[in-house]
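Comments concern the structure below.
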Amino acid sequence: MVLSFTPHTISLRRTFSLASGSRNSTPAVLVEVEQDGLIGYGEAALPPSLGEDQESVTSFLEDVSLPAAFMPDDLKDVLVRIDAQAPGNSAAKAGVDIALHDWMGKAIGLPCFRMWGLDPSRTPASSFTVATHDVAALDEVLADGLGFEILKVKLGQGDDRAIMTAIRQRTSSPIRVDVNQGWSRREDALEMCEWLAERNVELVEQPFLKTKMEDTAWLARRSPLPIIVDESAVRLSDVEALAGNVHGINVKLMKCTGVAEARKMIERAHAFGLKAMLGCMTETSCAISAAAQIGCMADWVDLDGAVLTSNDPFVGARLQGGRIMPRDLPGIGVVKKDKRMPEATHR
Ligand code: MG
């Protein structure tokens, strides 16, 4: 099996503003594995918060060695070996994980969700991210989210009540709030949760710094809204310690090294009484389509990443009735935009 990769800059439709800063693009590395005339596509999407960049990813991928003749049974061992190659580098690892799953599905002739016996018709609705505190831009931003029935609003930028009030003047859709570690005082956070609970908000994500677990657990015990964590829940090994301290976790392929571990994280979260959101970074339809394979395992889905971009090289999972649905095609169900869409498989 041959591995190749190309740096790619994901352009965003609009400036993306979080508590940690703003950006107009997300660096990425597109990954391909090829064997027996089949190509598996993968992607490492690299928002600054991950701490990886195109150089670190290409350098990691240069050291990855895949079996000359890869068999589907090799997948588990190969992924374990790649994970052990170096600590961190989660997005780089996810790039290979996604490409191998795509290739494997194509080799077997089934969409990944079908290989795993998953039923995409049970996929929950996805939220659409509002990452602006510019009230003047709000109408346009909300128009981008046409077809989504739930919003995810980025708070923690200082003027939280103003942007929430402006959004509520425009829509009554359910809102999930993501603070991205932006709040600091727990009493203020509790007051804010109580204020949000009166405004059709479903949950609050990552209120405090990822290391402030005592404050997070304090808030979770008192908040009228579920408190879930994202930056504090990176990999499978983080899940157990969060049980009893928060209500749920946000699982993302780029944080946890890919689809194989994401499935385990959701299962472990449920085993420990936690709810699981399946989230994403700003990504192309490649990584989004990989995540969409397991959307039906999650309690909440936030897979709007590709909708926020303007130069998606892939066609894949799509918005249907407010949900991001995988295509019924082998592997992760993506096609490069310059290639013809194959016929759907039905078995
Ligand atoms: Mg988040």
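Note that ligands are numbered from 1 as they come in the structure, with each ligand's atoms numbered from 1 the same way. Everything numeric in this text was worked out from a predicted model, so none of it was measured. Side chains included, hydrogens not; waters and symmetry mates left out as well; all remaining heavy atoms used. Positions are given from 1, in the same order as the sequence printed here.
Judged purely by distance below 3.5 Å, without hydrogens or angles, the side chains of Gln85 and Asp63 never pair a donor atom with an acceptor atom.
Note on Arg235 versus Asp83: salt bridge recorded, some NZ/NE/NH1/NH2 to OD/OE distance being below 4.0 Å. With salt bridges taken as basic N to acidic carboxylate O contacts below 4.0 Å, none links Glu283 and Lys252.
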Handout entry: side chain to side chain donor-acceptor pair (under 3.5 Å) between Thr132 and Asp134, intermediate numbers included
Key = CA-CA 5 Å; Thr132 183; Asp134 177 5; 5.0 Å; no

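Around the Mg ion (ligand 1), the protein contributes the following N, O or S atoms under 2.8 Å, ordered by chain and number: Asp178 OD2, Glu205 OE2, Asp230 OD2.
Under the 4.5 Å side-chain heavy-atom criterion for grouping Ile, Leu, Val, Met, Phe, Trp and Tyr, Trp300 is not connected to Ile324 through any hydrophobic cluster.
Here the options are Gln206, Lys212, Lys210, the test is side chain to side chain donor-acceptor pair (under 3.5 Å), and the partner is Ser232; only Gln206 passes.
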